[in-house]
Structure formats: structure tokens, C-alpha cells
Amino acid sequence: MYDPSIIAASIINGLMTGAIYSLVALGLTLIYGVLHIINFAHGSLLMLCMYGVWFLYAQAGIDPYLALPLVAAGAFCLGYGLQRSVIGKTSHGRDEIILLVTLGVSIIIENIALFAFTANERVVQVPYDIDGIDLGITFLVVPQIAAFVASLAITAALWLFIARTYTGKAIRAVAKERQGARLVGVNVDHIFAVSFGIGTACLGAAACLLAPTFPISPQIGYIFVLIAFTVVVLGGMGSFVGALIGGFIIGVTESLGGLFFGESLGKLGISLIFILILLFRPTGLFGQRM
Amino acid sequence: MLEVRDMVAGYGEVKVLHGVSLDVGPGEVVALLGSNGAGKSTLNNNISGIFRPFAGMVIFEGQDISGARPETTVDLGIIQVPEGRRVFPNMSVRDNLEMGAYRRARARRTQNIDRIAGIFPRIAERIDQLAGTLSGGEQQMLAIGRSLMAEPRLLILDEPSLGLSPLLVEEMFALIHQLHADGLSILLVEQNVVQSLEIANRGYVLENGKVAMSGPASNLLQDEGLRRSYLGM
């Protein structure tokens, strides 16, 4: 039997990773909640953002954490422009077309990345990556703590934005009642693009938090998008709270699975949860609300 | 105030309106009557800018707004309460009302919420409840409350009595009468012929995408043809 302190340590580590999963899933769930589509380009946009972080680090020597506002703002503009000028224009208002367009966009982005950056892994090394706090049962390094704190802060800020501001209210209005939103004078195309932009900005922030721990390659998006998808299904499509709690559950599952069954076999736990949720509670833990 | 001239409109290839003209003067209640499928909602949505008319003109206070976007018509004060209410079910009653002031009168939204709470006490009691949990009648009141938040210059009411109990229908018409008395211009789209004409100044009867009859409400109420086709008398 394992020592409880080892299990506790594993849970803490899982929570730290889970916070980033939440952030990636938050972007996915927001876009789903408003546009009613799964954004297949989510993984490739995350990858693109990570290259952005690497570029700023390698070319301008900007610390990935300091780059966060810049990358998030850039990602917002990218997402806004993509929705407004490509996805929205080609979809003719039909959801199934949007789905295929995002898939097409992801293929294009990946191949451009492969061409421009090659398949070689790029590394962002911060000088303080082994500094940290000793909790007694486990040692948390700066990238873990930063990822945890920043993810929670961003989630909270986003929640406040959606709940309190007029733009946030317009996003919620468009999510459930497009016609009603048009009639109070909401520019629905603009709100679609803002939502897509915010979803992409979440990826920009996540990219900064991931870059110090994960080597960057054109395929990196897949790992996270698969997890994010599981988180969104687990938490409930379109649910903010669901994305947050779901991220933590998946993070802890992965960590404990790794502890008990080893690194690669432990990942089975995530897929297992995915299948169980689809079988027994297809609406996810927190249903359909936003 | 509002002039619709020879509007031809529809969906895709299908024409629903074949040249409709209609006026609403300042402070007037104009009833737009007609059976299901006559083109009443098509006309509304082409005035509001949800759809673009194929031909014809919409003029509001001297300004040509044919084919303008809904943001523009809302900016000008043309506010539509759509058929089926279209409130935001996932948002609180208060947030629904605030959305009414998304483009107009945003600075006065707190006073306006208080004013609307006075008109609809039942809405006021449920101010923090989700709109999706309200009854049909309460949602209709919320939809009207939301439209008043924009301080409309022309209010378009699309079938406000649809699906309401007889008692609530009475209440609804009393409210429209009150809004009229306060000086609001209203285009009232209804199937409820008698009650609409009783509170309206003038009326239009739409049949198969054309104006079949029009005139002062009192004249229409006396009209034999109208009584036969709509009232079975």
C-alpha cells in the first residue's frame, strides 16, 4: 500500500496540472457555449501560441510569464480575426460547416508550423524552473505554482467579465437566444468573434504557462486538446464551473493513475472517465448552463 | 413617423409580401391584422432589419432605413417585442432588462428598471430569478419590459396576447392602452381582431402578402367582410 503522504503529494501535483487543463478547456467550452460548435482548431491554436511564446523568448529574451498579457492579447486578435474573416464568412450560419472549417483551419495551421518551425522540439528554459516551495510532502516548482495561480486568477476574471460587463451579458444572451439578442441590438457576428477571441486568449495564457515545462513541437496541441475535450464533456458542454472542476478531476486522475499504474498506463484513467461520463451522464457534471 | 412603401420581402426565393405599404404616425397605435402566414412577422422583421427586403422602402422619421441592420434600427428607437418573447432564459430577470438598454438609454437603466418594476410588480418580485423559470405570461411582460428599457420611439408588438390566458390577455391590452396614453407610437401585430381594433387608431388587414383592407379602427370594426372572415359573424 502507498504511504498517504505520497498520495497527497500526487493529488497536489495533479491539481497544479489540472488548473492548466481547466484554462485550455475554458476556451473550448466558451466557444462551444456561444457558437455551438467544437472548435477543432483549438489544439493547433494552442500550439501556435506556444510558438509565439518561444519566439518572444528566443528572439527578444522575454520571460514567458511576462509575455502572458502580450500573447493573450495577440491570441485574442488572432481568434477574433479568424472567426470574423474566415470561419464566420464561410459558414453561412450553419453549425456543421463551422465544424469542418475549424478542422480545415487546424490542418493549415499545423502544416504551416511544420514548414516554418520543422518537427524539432523547441525549449523555453526559465532560470528559476527548479526553484520552488517545499510543502514537506512534496516540492512545488515555480512553473507549477505560476500555472496554478494564474489559471485560477484568469478563470475568476473571465467569470466576472461574463457575469458583470455588458459584453459578457451579450455573450450569454447570444449563447441561448440569438434572435432575441439581435432585437436588442447586439451585433451577433461581433459577439461570435469576441467569444472566439476570448477562447483563443485563454489558449494564449495557457501557452505561456505551459511553455516552461513542455517542449514545443507542431504536434503538442493534440495532447492538450484531447484532455480539454474530456474536461469539457466531463464538466458539461458550455459550463464554466464544469471546465474548472473537470480540469482538476482530470489532472488528479492523471496524476494518481501515473502513481498506481505508471506514466503511460495511467493515462487510461482519462479515457475511462470520458467513456463512463458518456455512458452514465452525457450532459456532464454541470449540465448545459452557462 | 414610420412609412413602409411597396415592400416586397420573403425568404430565399419565396416572396411573402407582394408590395405592402403602411404608415404609423406619432403617438398612434396601428393594428396590423391577418391570419397565420399572411406575412405579419415578415413585415416586422424587415422593418427591424433582421431581414433585408427585396424591394420597396422603409422610412423612419424621414430617414431611409431600407435594409438597415438591426443595430441601426434599435439605435433609432425602433424596438420589437418578438413573437414567442425571445427572452434570455439563462439570465436573470434583471440582466434581461439590462440587455434591453444594450444600445439605448444605458445611462438611465437603473431608473428605468425601477419604472418597469412599477409597471410589472410580478416581474419585480422575480428580479433575481432566471427568465427561463418564469411562466409564459411573465415572460411576455419581461419581453415588453425589456423593450421599454430602450426608451422606444416606435414599439412593434408581435402577437403579445399569443398563448396567454383570457385574464392576462385583458391585462395585456390594458397595458398597451396605457403605453399609448403615455404617448408611445405602437405597431400592434395581432390575430385578436376585436380587442386590437378597440385600442387602435387605425388598422391594416394583411391577406396573402397584400393589404386587403385599411382604415380607421372604428370603420374596420363595422366592416361586414372583416366580421365574416375573422369573427364568423
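In what follows, every chain begins at residue 1, and chains take the letters A, B, ... in the order their sequences are listed. Everything quoted here is computed from the prediction, not taken from an experiment. Computed over heavy atoms, backbone and side chain alike; hydrogens, waters and symmetry mates excluded.
The number of heavy atoms from other shown groups lying within 6.0 Å of CG (B:Asp75) is above 12. The number of heavy atoms from other shown groups lying within 6.0 Å of CZ (B:Arg115) is above 12. Counting heavy atoms of neighbouring residues, nucleotides and ligands inside a 6.0 Å radius, atom NE2 of B:His177 does not exceed 12 of them. Environment of CZ in B:Arg5: crowded, with over 12 heavy atoms of neighbouring residues, nucleotides or ligands closer than 6.0 Å. Under a cut-off of 6.0 angstrom, the local environment of CZ in A:Phe161 is crowded, with over 12 non-hydrogen atoms contributed by other residues, nucleotides or ligands.
When each of B:Glu71, B:Glu98, B:Arg146, B:Gln80 is checked for a side-chain contact (heavy atoms from CB on, under 4.5 Å) with A:Val184, only B:Arg146 meets the rule.
Contacts of residues 36-47 of chain A with chain B at a heavy-atom distance below 4.5 Å are absent; not one residue qualifies.
Of all heavy-atom pairs between A:Ala163 and B:Asp95, the closest is O-OD2, 4.4 Å. Across every non-hydrogen atom of A:Ala173 and B:Met99, the tightest pair is CB-CE, 4.1 Å.
Rounding to the nearest 0.5 Å gives a distance of 12.5 Å between OG1 of B:Thr73 and CZ of A:Arg182. Note that the OH atom of B:Tyr102 and the CG atom of A:Asn187 stand 7.5 Å from one another [nearest 0.5 Å]. Atoms OG and NZ, from B:Ser92 and A:Lys169 in turn, are 7.5 Å apart once rounded to the nearest 0.5 Å. To the nearest 0.5 angstrom, A:Arg178 atom CZ is 11.5 Å from B:Arg86 atom CZ.
Residue B:Ala143 does not touch chain A at all, counting heavy-atom pairs closer than 4.5 Å. Using a 4.5 Å cut-off between heavy atoms, B:Arg106 contacts chain A through its side chain alone, with no backbone atom that close. Proximity to chain A is limited to the side chain of B:Arg69, based on heavy atoms less than 4.5 angstrom apart. Contact annotation for B:Val81: neither backbone nor side-chain heavy atoms come within less than 4.5 Å of a heavy atom of chain A.
Put simply, the side chain of B:Arg103 gets close to the backbone of A:Gly185: a donor and an acceptor are under 3.5 Å apart.
Applying the side chain to side chain contact (heavy atoms under 4.5 Å, CB included) test to B:Glu83 and every residue at least two apart in sequence or in another chain returns B:Ser41, B:Asp158, B:Glu159, B:Leu162.
Between chain A and the residues B:Met149, B:Arg109, B:Arg104, the largest count of heavy-atom pairs under 4.5 Å involves B:Arg109. Put simply, of B:Ala101, B:Pro89, B:Gly100, B:Pro70, the one with the most heavy-atom pairs under 4.5 Å next to chain A is B:Ala101.
No cation-pi contact links A:Arg172 to B:Phe88, judged by a cut-off of 6.0 Å to the six-membered ring centre and 45° from its axis.
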